[in-house]
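Reviewing the structure listed below.
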Amino acid sequence: MSKLRVAVLGSEGRMGSEAVRAVESADDMELAACLGRGDSLDALTGSGAEVAVDLTHPDAVMRNLEYCVTHGIHGVVGTTGWTDERLRTVRGWLEASPGTGVLIAPNFGIGAVLMMRFAQQAARFFESAEVVDLHHPGKADAPSGTAVRTAQLIAAAREDAELPAQPDATSTSLAGARGADVDGVHVHALRLRGLIGHQEVIFGGEGETLTIRHDSLHRSSFMPGVLLGVRRVGSAPGLTYGLEHFLDLEG
Ligand SMILES: NC(=O)C1=CN([C@@H]2O[C@H](COP(=O)(O)OP(=O)(O)OC[C@H]3O[C@@H](n4cnc5c(N)ncnc54)[C@H](OP(=O)(O)O)[C@@H]3O)[C@@H](O)[C@H]2O)C=CC1
Ligand SMILES: O=C(O)C1=N[C@H](C(=O)O)C[C@H](O)C1
C-alpha cells in the first residue's frame with residue numbers, strides 16, 4: 001500500500017518539530033515537505049503532499065489553508081485563532097473544492113478532548129462554571145483555543161438546559177480581574193515558565209465544586225491526535241471542527 005504523503009507547516013516550531021518526528025515514525029506516512037516561515041507554499045504542490053499539517057501562527061494559518069484547499073490538499077490544523085468568521089471563510093473555500101477535507105482541532109490531546117466532553121456533560125448540573133487555561137509563556141494567544149472551545153460548549157449546554165446567567169455580584173475596579181467573558185463563561189489565562197498546556201474547568205453548586213483538569217506534560221501528547229487526523233481527513237470532505245468527530249466517544 002502506498003504511503004500517505006504529509007507536509008508539515010511550521011516544522012521548526014515546538015509543535016511542528018514534534019509532528020515531523022511523529023510522521024517520520026508512522027509506517028503508513030511519508031514526510032513530503034517541511035515548511036517554515038518565508039518558504040513558498042508552492043513547495044507543497046511540488047512535493048505531491050496529500051495532507052498538510054498546519055502548526056504555525058494565527059496570523060499565517062488562513063493564507064496557508066486557502067492555498068491547501070484551492071490546490072486540493074487536505075488540511076489538519078492545530079493552529080489557534082479561530083472565530084466564526086474565519087470558519088465561515090474556510091467553509092466557503094471548501095465548497096469550491098469538493099472532495100477536500102479540513103480538520104481544525106482546538107486540541108489534539110485525547111485527554112483534552114475528553115475533558116471538553118466531560119465539561120459539556122457536567123455543565124447543566126451546576127450554577128457556576130469557569131475555565132482556567134495554563135500555558136507556557138511563549139504561547140502566541142490568550143485565551144487558548146481549548147479554553148474558548150470549552151467555554152462555548154459549556155455555554156451551549158447551559159442554554160439547552162435553560163439555566164439562567166451565572167450568579168456574580170462582583171463590581172470590578174480593575175479591568176481583567178474576572179478574566180474574559182466567552183458567551184457568559186469566564187475564562188482566565190495563566191502564562192508560566194515550566195508549563196506546557198493545561199486546563200482546569202471548575203464548576204460550583206450548592207455546597208460543592210467539581211474540578212476537571214487536564215495536563216499535557218509533553219508535546220508528544222498531541223501526536224496520536226495529529227496522526228489520527230492525517231489518516232481520517234481525506235475521507236471527511238468539508239470542514240470538521242474538533243477531533244471528537246474522529247473518535248468514538250460513545251463506544
Ligand atoms: N491544537 C493543538 O492540539 C495544539 C495547538 N497548538 C497551536 O499550534 C500553533 C503553534 O504552536 P507552537 O508550535 O507552540 O508555536 P511555535 O512558535 O513554536 O511554532 C510555530 C512555527 O511556525 C513558524 N511559522 C510562522 N509563520 C509561518 C508560515 N507562514 N509558514 C510556515 N511556518 C510559519 C514559526 O516560525 P518563526 O519561529 O520564524 O516565527 C515557528 O517555527 C499555535 O497556534 C498553538 O496554539 C499548540 C499545541 C497543541
Ligand atoms: O499553544 C499551545 O501550546 C497550545 N495551544 C492549544 C490551545 O490554544 O488550546 C492547545 C494546547 O493547549 C497547547
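Read the numbers this way: they start at 1 and go in the same order the structure lists the ligands and their atoms.
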**Request:** Considering the heavy atoms of His135, write down every atom of ligand 2 situated less than 4.0 Å from one of them.
**Result:** 2 (C), 3 (O), 4 (C), 11 (C), 12 (O), 13 (C)
**Item:** Contact atoms of ligand 2, heavy-atom distance to Gly145 under 4.0 Å
**Value:** 7 (C), 8 (O), 9 (O)
**Request:** Identify, by atom number and element, the atoms of ligand 2 in contact range of Asn107, meaning under 4.0 Å from any of its heavy atoms.
**Result:** 10 (C), 11 (C), 12 (O)
**Asked** Can you tell me how far CG of Leu94 sits from OG1 of Thr89, rounded to the nearest 0.5 angstrom?
**Response** 11.0 Å
**Asked** Mind checking whether Phe222 and Phe108 have ring centres under 6.0 Å apart?
**Response** no
**Asked** For ligand 2, does Ser216 get within less than 4.0 Å through its side chain, its backbone, both, or neither, judged by non-hydrogen atoms?
**Response** neither
**Prompt:** Once you round to the nearest 0.5 Å, how far does OG of Ser144 lie from CG of Leu134?
**Reply:** 9.0 Å
**Item:** CZ (Arg63) with more than 12 external heavy atoms under 6.0 Å
**Value:** no
**Ligand-side contact atoms (ligand 2) for residue partner Thr146, heavy atom cut-off under 4.0 Å** = 7 (C), 9 (O), 10 (C), 12 (O)
**Asked** With respect to Asp133, which candidate in Gln199, His198, His188, Arg191 satisfies the side chain to side chain donor-acceptor pair (under 3.5 Å) definition?
**Response** Arg191
**Complete:** Closest to atom 2 (C) of ligand 2 (heavy atoms only, candidates Arg149, Lys139, His214) is Lys139
**Prompt:** Between the main-chain N or O of Asp42 and the side-chain N or O of Ser40, is there a donor-acceptor pair closer than 3.5 Å?
**Reply:** yes
**Message:** Considering non-hydrogen atoms of the protein only, which is the closest contact for atom 3 (O) of ligand 2, and what is the distance?
**Reply:** His136 NE2, 2.9 Å
**Request:** Go through the steps to decide whether Asp160 and Arg124 satisfy the test salt bridge (Lys or Arg N to Asp or Glu O under 4.0 Å), and finish with yes or no.
**Result:** CA-CA 8 Å; Asp160 286 350; Arg124 70 190 168 97; over 6 Å; no
**Prompt:** Around atom CD of Glu159, are there more than 12 heavy atoms of other residues, nucleotides or ligands at under 6.0 Å?
**Reply:** no
**Message:** Any nitrogen or oxygen of Asp141, side chain or backbone, less than 3.5 Å from one on ligand 2?
**Reply:** no
**Message:** Is it the case that over 12 heavy atoms from other parts of the model lie below 6.0 angstrom from the CD atom of Glu208?
**Reply:** yes
**Message:** Quick one, Arg21 with Glu24, criterion salt bridge (Lys or Arg N to Asp or Glu O under 4.0 Å). Give me CA distance, side-chain angles, the key distance, then yes/no.
**Reply:** CA-CA 5 Å; Arg21 277 192 288 279; Glu24 282 177 332; over 6 Å; no
**Message:** Need the ligand 2 atom indices (1-based, order shown) with element for anything under 4.0 Å from a heavy-atom of Ser144.
**Reply:** 7 (C), 8 (O), 9 (O)
**Fill in**
Close residues (non-hydrogen atom under 4.0 angstrom from ligand 1) work out to Gly10, Glu12, Gly13, Arg14, Met15, Leu35, Gly36, Arg37, Leu55, Thr56, Ala60, Gly78, Thr79, Thr80, Ala105, Pro106, Asn107, Phe108, Lys139, Phe222
